[in-house]
Student: 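Here it is: the structure, laid out below.
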Amino acid sequence: MAEKKIIAVVGATGAQGGGLVRAILNDPTGGFAARAITRDITSDKAKELAKLGAEVVAADVKDVESLKRAFKGAYAVYCVTFFWADFSPENEKTQATNMARAAKEAGVQHAIWSTFEDTRKWIPLSDNRMPTLMGKYKVAHFDAKSEANHVFTDLGVPTTFLLTSFYWENLIYFGAGPQKGPDGKLALTYPMGDKKLPGIASEDIGKCAYGIFKKGREFIGKTVGIAGEHLTGTQMAVALTKALGREVRYNDVPADVYRSFGFPGAEDMGNMFQFKRDFEHVYTGARSVEFSRSLNPALQTFDSWLQNNSSRIPLG
Ligand SMILES: NC(=O)c1ccc[n+]([C@@H]2O[C@H](COP(=O)([O-])OP(=O)(O)OC[C@H]3O[C@@H](n4cnc5c(N)ncnc54)[C@H](OP(=O)(O)O)[C@@H]3O)[C@@H](O)[C@H]2O)c1
């Protein structure tokens with residue numbers, strides 16, 4: 001049997017990378033092997049991946065030499081950065097550069113870079129509909145990722161640029177689930193108006209990425225977007241009401257109000273939602289559900305995700 005092609009996965013113990021590692025391991029005859037990259041090979045999550053059959057290696061995206069070692073001999077790499085770890089777009093750019101340089105040195109045949117749109121293409125810094133953040137961004141965690149795209153291209157790394165969507169797991173872990181209002185009723189509060197928010201089960205990102213790798217060179221040099229479903233806040237509230245057996249309403253708020261909520265990253269999130277709302281067709285148009293399902297036939301809908309996950313949503 002031919003030797004398996006190694007896919008080295010950054011963020012393997014997390015949402016995107018974890019889904020990819022499991023997708024590779026769940027397809028033992030697919031011709032690929034999973035190399036899971038973590039900062040701590042002794043963690044429970046790392047050991048769990050090893051038990052499933054992944055090769056687990058240590059690297060830190062802040063340390064280019066460790067990435068070069070971790071990418072060595074790989075056919076492909078999955079690259080993702082961790083904005084919410086320190087809210088620093090500058091660090092994201094440095095870390096993406098480190099990954100691109102390591103991918104170049106390893107001579108990989110395919111990289112997927114998990115990126116986003118540069119929102120300043122649609123809302124230049126001079127546009128006062130939303131505040132400029134840190135002096136140079138509108139949506140920092142989008143714009144910085146996009147700024148890093150050229151590093152992969154300039155170095156000649158064969159790259160697919162992957163546009164992901166809002167994880168439905170944000171309803172569980174990110175405080176984006178239904179909250180009890182002063183009237184005691186549950187409400188989902190987003191500044192999305194009546195516009196559609198592309199969402200996805202985070203596990204499906206890795207499955208779609210695996211679908212891209214399996215297509216060989218087809219998506220190299222291309223930007224592809226994925227989503228499980230495009231839903232309005234009202235549609236999400238109706239689905240939640242059904243799944244939870246408790247009424248959930250959609251509470252549309254102005255983006256300014258959302259930005260003022262004060263949690264870490266609220267301004268960036270407020271701008272992000274506003275971008276998705278005000279440029280609904282651009283944003284949804286870049287994330288075809290049908291295309292995502294062609295990469296990953298098991299793609300979940302919001303209803304199917306809720307069937308397995310609604311009991312994990314904290315109802316604050
Ligand atoms: N939340 C959303 O709705 C959403 C949607 C689309 C895209 N995103 C983007 O997704 C990105 C994060 O990806 P994710 O959600 O898959 O991450 P995650 O689940 O938060 O974490 C992924 C893993 O990354 C590893 N990690 C963290 N810092 C690292 C470092 N310095 N070097 C190497 N590994 C490191 C950690 O593993 P170890 O501890 O094992 O090292 C962690 O388990 C963000 O940039 C965000 O903008 C988020």
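Numbering of ligands and ligand atoms starts at 1, following listing order. What's counted below: heavy atoms across the whole structure, side chains too, no hydrogens, waters or symmetry copies.
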Student: Check this for me: does any side-chain nitrogen of one of E90 and K93 sit under 4.0 Å from a carboxylate oxygen of the other?
Tutor: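 Yes.
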Student: Is H281 atom NE2 crowded by more than 12 heavy atoms from other residues, nucleotides or ligands, each under 6.0 Å away?
Tutor: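 No.
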Student: Salt-bridged, D60 to K62, with N to O below 4.0 Å?
Tutor: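 A salt bridge is absent here (no side-chain N lies under 4.0 Å from a carboxylate O).
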Student: Going by heavy atoms, is E92 under 4.0 Å from ligand 1?
Tutor: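 Per 4.0 Å heavy-atom rule, E92 contacts ligand 1.
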Student: W168 and N309: side-chain donor and acceptor closer than 3.5 Å?
Tutor: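 Checked: W168/N309 side chains show no N/O donor-acceptor pair below 3.5 Å.
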Student: Quick one: does G11 get an N or O within less than 3.5 Å of an N or O on ligand 1?
Tutor: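 No; every N/O pair is 3.5 Å or more apart.
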Student: Looking only at protein heavy atoms, which one is nearest to atom 16 (O) of ligand 1, and what is the separation?
Tutor: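 Looking only at protein heavy atoms, the one closest to atom 16 (O) of ligand 1 is Q16 N, 2.8 Å.
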Student: For atom 32 (N) of ligand 1, which protein heavy atom lies nearest, and how many Å away is it?
Tutor: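 Its nearest protein heavy-atom neighbour is V61 N, 2.9 Å.
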Student: Can K45 and E48 be counted as an ion pair, charged N to O under 4.0 angstrom?
Tutor: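 No, this pair does not count.
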Student: Considering non-hydrogen atoms of the protein only, which is the closest contact for atom 42 (C) of ligand 1, and what is the distance?
Tutor: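 Nearest neighbour among protein heavy atoms for atom 42 (C) of ligand 1, to 0.1 Å: T13 OG1, 3.6 Å.
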Student: Salt bridge check, K138 against E267: does any charged N sit closer than 4.0 Å to a carboxylate O?
Tutor: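 Looking at E267 and K138, the cut-off is not met.
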Student: Using a 4.0 Å heavy-atom threshold (strictly under), name the region of A59 that reaches ligand 1: side chain, backbone, both or neither.
Tutor: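 Answer for A59: backbone.
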Student: In plain terms, say whether E280 and K196 are close enough for a salt bridge, that is, a side-chain N and a carboxylate O under 4.0 Å apart.
Tutor: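 Between K196 and E280 there is no salt bridge, as every charged N stays at least 4.0 Å from the carboxylate O atoms.
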Student: Counting from 1, what ligand 1 atoms have a heavy atom of F116 closer than 4.0 Å?
Tutor: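 In order of numbering, the contacting atoms are 6 (C), 7 (C).
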Student: Any salt bridge linking K195 with D252? Criterion: basic side-chain nitrogen under 4.0 Å from a carboxylate oxygen.
Tutor: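 Judged by the 4.0 Å cut-off on N to carboxylate O distance, K195 and D252 do not form a salt bridge.
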Student: Ligand 1 versus A85, non-hydrogen atoms closer than 4.0 Å: side chain, backbone, both, neither?
Tutor: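 None of A85 does.
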Student: Go through the steps to decide whether F213 and Y210 satisfy the test ring-ring contact (aromatic ring centres under 6.0 Å, His included), and finish with yes or no.
Tutor: CA-CA 5 Å; F213 283 132; Y210 184 52; 7.8 Å; no
Student: Among all protein heavy atoms, pick out the one at the shortest distance from atom 39 (O) of ligand 1; state its residue, atom name and that distance to 0.1 Å.
Tutor: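 For atom 39 (O) of ligand 1, the nearest protein heavy atom comes out as R39 NH2, 2.8 Å.
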Student: For ligand 1, which atoms have a heavy atom of V80 less than 4.0 angstrom away?
Tutor: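 Ligand 1 atoms under the 4.0 Å threshold to V80: 11 (C), 13 (O).
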Student: Decide side chain to side chain donor-acceptor pair (under 3.5 Å) for Y78 and Q16; before the verdict, give the C-alpha distance in whole Å, the side-chain angles of both, and the deciding distance to 0.1 Å.
Tutor: CA-CA 9 Å; Y78 187 79; Q16 297 189 26; 2.7 Å; yes
Student: Report the nearest protein non-hydrogen atom to atom 40 (O) of ligand 1: residue, atom name, distance rounded to 0.1 Å.
Tutor: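 Protein heavy atom with the smallest distance to atom 40 (O) of ligand 1: T38 OG1, 2.5 Å.
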Student: Should we count CD1 of I172 as having more than 12 external heavy atoms under 6.0 Å?
Tutor: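 Yes.
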Student: Which protein non-hydrogen atom lies closest to atom 34 (N) of ligand 1, naming both residue and atom, and how far is it?
Tutor: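 Sorting protein heavy atoms by distance from atom 34 (N) of ligand 1 puts F82 CE1, 3.8 Å first.
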Student: Measure from atom 44 (C) of ligand 1 to every heavy atom in V139, T81, D86 and give the option owning the shortest one.
Tutor: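 Ranked by closest heavy atom to atom 44 (C) of ligand 1, first place is T81.
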Student: Output, in order, the C-alpha distance, side-chain angles, deciding distance and verdict of ring-ring contact (aromatic ring centres under 6.0 Å, His included) for F82 and F87.
Tutor: CA-CA 8 Å; F82 311 102; F87 302 91; over 10 Å; no
Student: Identify the protein heavy atom lying closest to atom 31 (N) of ligand 1, giving its residue, its atom name and the separation to 0.1 Å.
Tutor: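 Looking only at protein heavy atoms, the one closest to atom 31 (N) of ligand 1 is D60 OD1, 2.9 Å.
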Student: May I ask you to identify the nearest protein heavy atom to atom 6 (C) of ligand 1, giving residue, atom name and distance to one decimal place in Å?
Tutor: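 Going atom by atom, the protein heavy atom closest to atom 6 (C) of ligand 1 ends up being T164 OG1, 3.0 Å.
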Student: Kindly indicate whether a cation-pi arrangement holds for R287 with Y283, taking the cut-offs as under 6.0 Å to the six-membered ring centre and within 45° of the axis.
Tutor: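 Ring-cation test returns yes.
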Student: Heavy atoms only, cut-off 4.0 Å: how does N170 contact ligand 1, side chain, backbone, both, or neither?
Tutor: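 The side chain, only.
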Student: Could you list which atoms of ligand 1 come closer than 4.0 Å to a heavy atom of W84?
Tutor: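 Reading through ligand 1 atom by atom, the close ones are 46 (C), 47 (O).
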Student: Counting heavy atoms only, which of Y167, F174, W168 comes nearest to atom 2 (C) of ligand 1?
Tutor: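 The residue whose heavy atom sits nearest atom 2 (C) of ligand 1 is Y167.
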Student: Which atoms of ligand 1 have any heavy atom of K145 under 4.0 Å away?
Tutor: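 So the atoms of ligand 1 that pass are 44 (C), 45 (O), 46 (C), 47 (O).
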Student: Between R120 and D143, does any NZ, NE, NH1 or NH2 come within less than 4.0 Å of an OD or OE carboxylate oxygen?
Tutor: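 Yes.
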Student: Do NZ/NE/NH1/NH2 and the carboxylate oxygens of K121 and D118 come within less than 4.0 Å?
Tutor: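 Salt bridge between K121 and D118, a charged N being under 4.0 Å from a carboxylate O: no.
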Student: Atoms of ligand 1 less than 4.0 Å from F83 heavy atoms?
Tutor: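 Per the distance check, 44 (C), 45 (O).
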Student: Does ligand 1 have any atom sitting under 4.0 Å from a heavy atom of S165?
Tutor: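 Yes, S165 has heavy atoms under 4.0 Å from ligand 1.
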Student: Answer yes if a protein heavy atom lies under 4.0 Å from atom 20 (O) of ligand 1, otherwise answer no.
Tutor: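 There is no protein heavy atom less than 4.0 Å from atom 20 (O) of ligand 1.
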Student: Quick one: which ligand 1 atoms are inside 4.0 Å of a heavy atom on H141?
Tutor: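 With H141 as reference, the close atoms of ligand 1 come out as 47 (O).
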Student: Suppose I only count heavy atoms of A15 and a 4.0 Å limit; which atoms of ligand 1 are within that range?
Tutor: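 Numbered from 1, ligand 1 contributes 15 (O), 16 (O), 19 (O).
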Student: With atoms numbered from 1 as shown, which atoms in ligand 1 lie under 4.0 angstrom from a non-hydrogen atom of F166?
Tutor: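 Going through ligand 1 atom by atom, the ones under 4.0 Å from F166 are 3 (O).
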